[in-house]
Amino acid sequence: MSVTYNFKKGAVVIFGGSGGAGGHITRAFARAGCDVAFTYFGGKGRAEDLQAELRDEGCSVVAYQADIKSPERPQEIIDDVVAKFGSVQTVVYAAGPVIDVCPIVDNGPDRFKLQVDSELLGFFHIVRGAISHLRESRGSLIACTSFANYKVLINDGLSASAKAGIESLVRQIAVEEGRYGVRANSIGLGWFDIGQGAVAPIDQSTTQSDIGKDMVKLMSSMIPLGNRPGKGEELANTVLFFASEQASYITGQTLLVDGGISL
Amino acid sequence: MGPLDDKVALVTGASGGIGRQIAVRLAESGARVIAHYSSRRESAEQTVAAVQAVGGEAAILQADLSHGDGVRQLFAGVDELGGRIDILVNNAGAGETSPIGTIKEEEIDRMYRVNFKSPVLVTQQALTRMSDGGAIVNISSMSGLMAQPPGFAYAMSKAAIHSFTLSMAVELAARNIRVNAVAPGPVDTDLINGYRASDDAMRALSSMAALGRLGTPDDIAQIVLFLASPASAWLTGQIIQASGGMRL
C-alpha cells in the first residue's frame, strides 16, 4: 500500500501534463482523487488518449491546448479551471521543448531565445495567471526542473540555463508569497525512462529522442541507485508529496529526484 | 494496512518532541518502532503511549549514545527485540550555544561525540542488521547549512551529518539503501522554551520562515515518513530543508 496524501480542496493544473514526465504526474493526481486539468502543446492525440484513459477509470480530468509563450493563455486556462471546479490548489509546471543536445555555443541566439521564451517566460506567465487563485486556496506551485544545475550534463546547457531561471523564480515566489500561505518548490529530475530520456524497455540501444546508446549507458552508470533510469511513478510520488499537506512546511526548496546522479 | 507494514524502525532520541512524533507517524503507517531514549524514561514512556494511541506498537530502549559502549548496549537491546531494522532515523542530538571565545574543550568534544560520532556508530551497527532496500533518515538542522556564530560547534556537527548523508547515499546505493536528511529550522518543542517568555523573540523565530510560523514536530515527522516509505524510492543523498522557507 502506498502513502496516502492529504490535499487541500481544489483542482490541480499541470502544464505540459500529457508529456513524458507530465503524463505520470497527471495520472497520479487524477488517481489520487483530485480534479485535474492538464495542458498540451502539440501532442493532441496523446492528450486525448490520456484524457480518455483517465475518464475510463472514473477520474475527473480536463485537457486544454496551450502555448505558454502566450502571456494570456495560462491565465485563461486557470480561470476556466476555477470556474469549473471552484478553486485551484496546485499548479505544476512540467513543460519544456525538446532540445537538440549539443554544446551550448552551437546554439544560435534564436534557439536560445526560444528556450527562454518557452520555459522561463512561459513559467512566468503561468505564475502570473495562477497567483491570485493560489493565494485564495493557500496552495502551492511546483516546477519540474533538472539535476543539470547541480552537476553539469554535457550538451544539455539550453535546458539547464532556462531551468536555473525557473528555480530562481520559485525561490522568489516562496519568499514573497509565503505571507499568503503560498508554497513554491522545484523538483529537479534526474535521468528518467520518460520524455527526452526515454529508453526502450527491452532494447536499451535506442531512445525516443535518439540520444544514443552510449549516452544511455553512460547516464545509467552514473546513477548510484541501481544503475538505471528513474521511473515516471517515482517522479510523480514526489510531486504529490510536495503538493500535499504533508509537505506544508516545505517551501523554496529544490528536491532532486535523481537516484543520486547529482552526488 | 500501511506503507510500512512489517517494517521495523529504530528512532533515536524518541523521548523528545520531534522524535516522538516521528515514532507516531512511522507506527501509524505500520512500522514497529524501537524508541531509543537517553535519560528521560518518563518521556519515552509517553512516546510509547502516543504510538499505542494510534494503534501502533513500540518498545523503548535506554542507552547513552555518546560512546561506543552505549551504542553496543542499544544494539544488544535491538537484538533482543529480533535484531532486525528496516528504517533508521538518526534523530538524537544535543544543542550548544557557546561562542568561539568561551567554548570549552569538553563542550566541543560533546558536540563531536553526541551529534557526529554517535549517528555514525549507530548507523554502522544498524547496517549489519538492515536488509537491502532499507532507508536511513538523518535529522540534521538548518544550522548545518548556515552561519550560526554562537552555536558554531553545533552547526559544525550538523554540517558533518550532511556530509555523512551524501557519502552514505553513494556507498549504500548498491544495497538499495537510501540515505537522506531532514534539516529543520526552529521547531515548536521544549528546546525553544528559553524564548517563550519574550514575544519579540518568538516573533523573530517565526519570521525566519517565509511561511511566518515555527515548525511543528509533525512538519518534520511527515517528511521523515515520506523518506522512509517506498514513495521516495528514487530519492537518495537529499537534504530536505523543513524550515518554512528559511535562508532563501
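Per chain, numbering begins at 1; letters A, B, ... match sequence-line order. It should be emphasised that the depicted structure is a prediction, and the values quoted were computed from it without experimental measurement.
The pair B:R32-B:D86 fails the salt-bridge criterion, with no side-chain N (NZ, NE, NH1 or NH2) lying under 4.0 Å from an Asp/Glu carboxylate O. A salt bridge links A:R27 to A:E53: one of the charged nitrogens lies within less than 4.0 Å of a carboxylate oxygen. Note on A:E234 versus B:R178: no salt bridge recorded, every NZ/NE/NH1/NH2 to OD/OE distance being 4.0 Å or above.
Using a 4.5 Å cut-off between heavy atoms, B:R25 makes no contact with chain A at all. Contact of A:R228 with chain B is made through backbone and side chain together, with heavy-atom distances under 4.5 Å. Contacts between B:S29 and chain A at a heavy-atom distance below 4.5 Å are absent for every atom of the residue.
Taking the six-membered ring for Trp and thresholds of 30 and 60 degrees, A:Y93 and A:F123 have ring planes more than 60 degrees apart, a perpendicular arrangement.
In terms of non-hydrogen atom pairs under 4.5 Å with chain B, the most contact-rich of A:V257, A:L240, A:T254 is A:V257. The residue among A:G178, A:G181, A:A247, A:S262 with the most heavy atom pairs within less than 4.5 Å of chain B is A:G178. Listed options B:A210, B:A221, B:A169 were ranked by heavy-atom pairs under 4.5 angstrom with chain A; first place goes to B:A210. For chain A, the option among B:I239, B:L211, B:I177 with the highest count of heavy-atom pairs below 4.5 Å is B:L211. When each of B:D5, B:L214, B:L225, B:T216 is scored by its heavy-atom pairs under 4.5 Å with chain A, the top score falls to B:L214. Contact count versus chain B (heavy atoms, under 4.5 Å) is highest, among A:A184, A:G230, A:G252, for A:G230.
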Throw together a table of side-chain donor-acceptor distances under 3.5 angstrom for residues 179-186 of chain B, partners on residues two or more places apart or in other chains.
residue : atom : partner : partner atom : Å
B:N180  : OD1  : B:G237  : N            : 3.2
B:N180  : OD1  : B:Q238  : N            : 2.9
B:N180  : ND2  : B:L235  : O            : 3.0

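For the pair A:Y5 and A:Q246, the minimum side-chain heavy-atom distance is below 4.5 Å. Contact annotation: the side chain of A:F29 never approaches that of A:V61 to less than 4.5 Å [non-hydrogen atoms, C-beta and beyond]. Contact of the B:V187 side chain with the B:I192 side chain is not registered, since no non-hydrogen atoms from C-beta on lie closer than 4.5 Å. At a threshold of 4.5 Å between non-hydrogen side-chain atoms, the residues A:V91 and A:V127 do not count as touching.
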Original post:
Step by step, would you call B:L172 with B:I136 a side chain to side chain contact (heavy atoms under 4.5 Å, CB included)?
Top reply: CA-CA 10 Å; B:L172 300 175; B:I136 298 175; 4.0 Å; yes

Subject >> Check against side chain to side chain donor-acceptor pair (under 3.5 Å), B:T47 and B:R20 >> reply: CA-CA 5 Å; B:T47 296; B:R20 175 177 301 156; 3.0 Å; yes

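Contacts of residues 167-176 of chain A with chain B at a heavy-atom distance below 4.5 Å involve A:R171, A:A174, A:V175, listed in sequence order. Proximity to chain A among residues 240-248 of chain B is limited to B:I240, B:Q241, B:A242, B:S243, B:G244, B:G245, B:L248, judged by heavy-atom separations below 4.5 angstrom.
B:P217 and B:I18 get closest at one heavy-atom pair: CB-CA, 4.1 Å.
Every pair tested for ring-ring contact (aromatic ring centres under 6.0 Å, His included) that includes a residue from residues 163-215 of chain B fails, sequence neighbours excluded, so the list is empty.
A donor and an acceptor atom, one from each side chain of B:T123 and B:N90, are located under 3.5 Å apart.
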